[in-house]
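Here the structure comes first, spelled out in structure tokens, and everything after it is commentary.
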There are 2 protein chains.
Amino acid sequence: MRNEGRRRWARGGTERTRAVLLEAAAEVFAERGYDGASVDEIARTAGVSVGSIYSRFGNKQALFRALMADFLERDVTLARDRLAGGLAEGLSGMDERLLETADSRHRTLLDAETWVSAMRSPELREALAEHDRETRGAAARMTGEERERTGQTSPTRQAPRTGDDEVATALMALYHGLLRQRRLDPDSVAPDLYGRLVLLLSRGLAAEADGGL
Amino acid sequence: MRNEGRRRWARGGTERTRAVLLEAAAEVFAERGYDGASVDEIARTAGVSVGSIYSRFGNKQALFRALMADFLERDVTLARDRLAGGLAEGLSGMDERLLETADSRHRTLLDAETWVSAMRSPELREALAEHDRETRGAAARMTGEERERTGQTSPTRQAPRTGDDEVATALMALYHGLLRQRRLDPDSVAPDLYGRLVLLLSRGLAAEADGGL
DNA sequence: GTCTATAACCGGATAGAC
DNA sequence: GTCTATCCGGTTATAGAC
């Protein structure tokens with residue numbers, strides 16, 4: 001009757017144990033939410049005992065914080081890689097990533113839980129805001145480069161137009177919004193919609209730079 | 001030592017009692033989340049006893065569902081009103097509404113809680129999806145009218161362009177995305193950004209209808 | 001470091017008086 | 001319909017053996 005829980009390979013490596021534990025925590029927190037998740041279930045899922053978790057993380061909240069830190073770090077690395085290739089590859093990459101994320105129940109729920117927790121805790125909120133700023137900064141740089149490359153605007157700033165940072169904000173807002181939409185109702189968001197909308201937006205920007213106001 | 005809780009005017013009206021109860025539930029569910037909220041605290045906030053809640057709603061889940069139904073119904077009415085006036089008033093109305101919603105802690109948290117709950121329960125999810133479809137439909141109608149009015153496209157459909165429903169999806173995604181962004185970091189979203197981005201988008205659409213591709 | 005056992009507490013839900 | 005009192009199961013966290 002012992003060790004009914006899944007996974008049981010942790011013998012030895014303290015580093016691996018941590019990873020296994022965080023993975024189990026991700027699963028249970030995602031599925032049940034922070035308050036709905038019990039430390040006991042996390043322990044069972046990881047194949048360890050509650051005692052181990054408490055000796056390692058101290059308490060439930062610290063476990064969740066560790067998980068979230070890990071999650072955000074991984075995410076920012078990923079985003080950076082995708083954006084590195086310029087607009088063309090960037091867009092199809094983002095399309096793919098949007099579908100992938102939206103269609104994964106696990107990712108969806110963990111994202112949502114991260115969000116609500118951040119809304120309730122100033123500390124987590126700041127961590128998430130910082131993460132957003134980094135991503136937005138990367139997007140703004142990409143936008144700027146793209147503009148220079150297509151020669152929409154010479155290096156010297158000339159007219160009161162929509163700033164790179166605002167475009168970046170729009171790109172991210174659109175991304176998150178479509179994510180939300182597709183999670184809620186997958187059929188309502190075509191696989192390439194994000195890319196097409198961004199193109200539309202960039203056409204609007206070109207028009208703004210050329211002619212009227 | 002009795003009745004320390006706030007509010008105590010329910011005597012008599014069973015209808016008013018319900019409203020008071022739902023308001024208290026909204027407050028506590030928002031602040032603590034579904035699992036974090038205790039029926040006892042809701043009762044105290046409403047100034048009634050737990051027994052009353054159970055006799056009226058049966059259990060905690062049913063109370064939450066009732067709250068959510070109420071919340072969505074109110075919201076759809078509001079959205080309909082705002083969109084009724086066409087693009088011009090519509091936009092500034094949406095700008096206002098975005099700020100209002102994003103800057104209210106209570107609204108923010110309740111929205112978020114609605115969302116995560118919907119992600120975990122097929123029933124709630126369908127209710128929220130239906131609500132979204134209604135709103136999106138209204139936005140699509142508005143988009144179509146606007147297009148006809150500015151004569152971008154004659155009543156006869158002619159070219160493979162971005163459809164009204166896709167534009168509506170974009171409008172809503174942008175809205176929700178900016179909402180998220182402003183909630184997280186108010187300074188990163190200017191008060192009129194939504195309106196300006198929509199204008200940019202519509203310029204892109206015009207370009208699409210005219211010339212290339 | 002990890003286990004088992006247990007303490008201490010709190011939550012949802014119900015019973016039954018009024 | 002609303003109250004008070006109570007049951008019961010589950011939760012976090014700790015103690016102490018190994």
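These numbers were taken from a predicted model, which means no experiment stands behind them.
- Counting any heavy atom pair closer than 4.0 Å across all strands shown, B:S55 reaches a base atom.
- The minimum heavy-atom distance linking B:D185 with A:R136 is given by the pair OD2-NH2, 3.8 Å.
- Rounded to a whole Å, the OH atom of B:Y34 is 14 Å from the P atom of C:dG11.
- Computed from coordinates, the A:Y54 OH to D:dA13 C1' distance equals 5 Å when rounded to whole Å.
- D:dT11 atom C1' lies 12 Å from atom CZ of A:R44, rounded to whole Å.
- Distance CG (A:D40) to P (D:dG9): 17 Å, rounded to an integer number of Å.
- Residue A:G36 is the one, among A:G36 and A:G58, whose nearest nucleotide of DNA chain D lies closer to the 5' end (criterion: closest heavy atom).
- In this structure, A:D35 atom CG and C:dG12 atom P are separated by 11 Å, rounded to whole Å.
- Look at CZ on A:F57: it is 16 Å from C1' on D:dA13, rounded to the nearest Å.
- Proximity of a side-chain donor or acceptor of A:K60 to a complementary backbone N or O of A:Y54 within less than 3.5 Å is not detected.
- Contact between the side-chain N/O atoms of A:S52 and the OP1/OP2 oxygens of C:dC3 is found at a separation under 4.0 Å.
- Between B:K60 atom NZ and C:dG12 atom P there is a gap of 4 Å when expressed in whole angstrom units.
- B:A37 comes within 4.0 angstrom of sugar-phosphate atoms only, judged by non-hydrogen atoms across all strands, and of no base.
- Rounded to an integer number of Å, the gap from CD of A:E41 to P of D:dT11 is 9 Å.
- Within 6.0 Å of CD in B:Q61 there are 12 or fewer heavy atoms belonging to other residues, nucleotides or ligands.
- Between A:Y34 and A:F29, the ring planes are parallel. Angles under 30° get that label, and only those over 60° would be called perpendicular.
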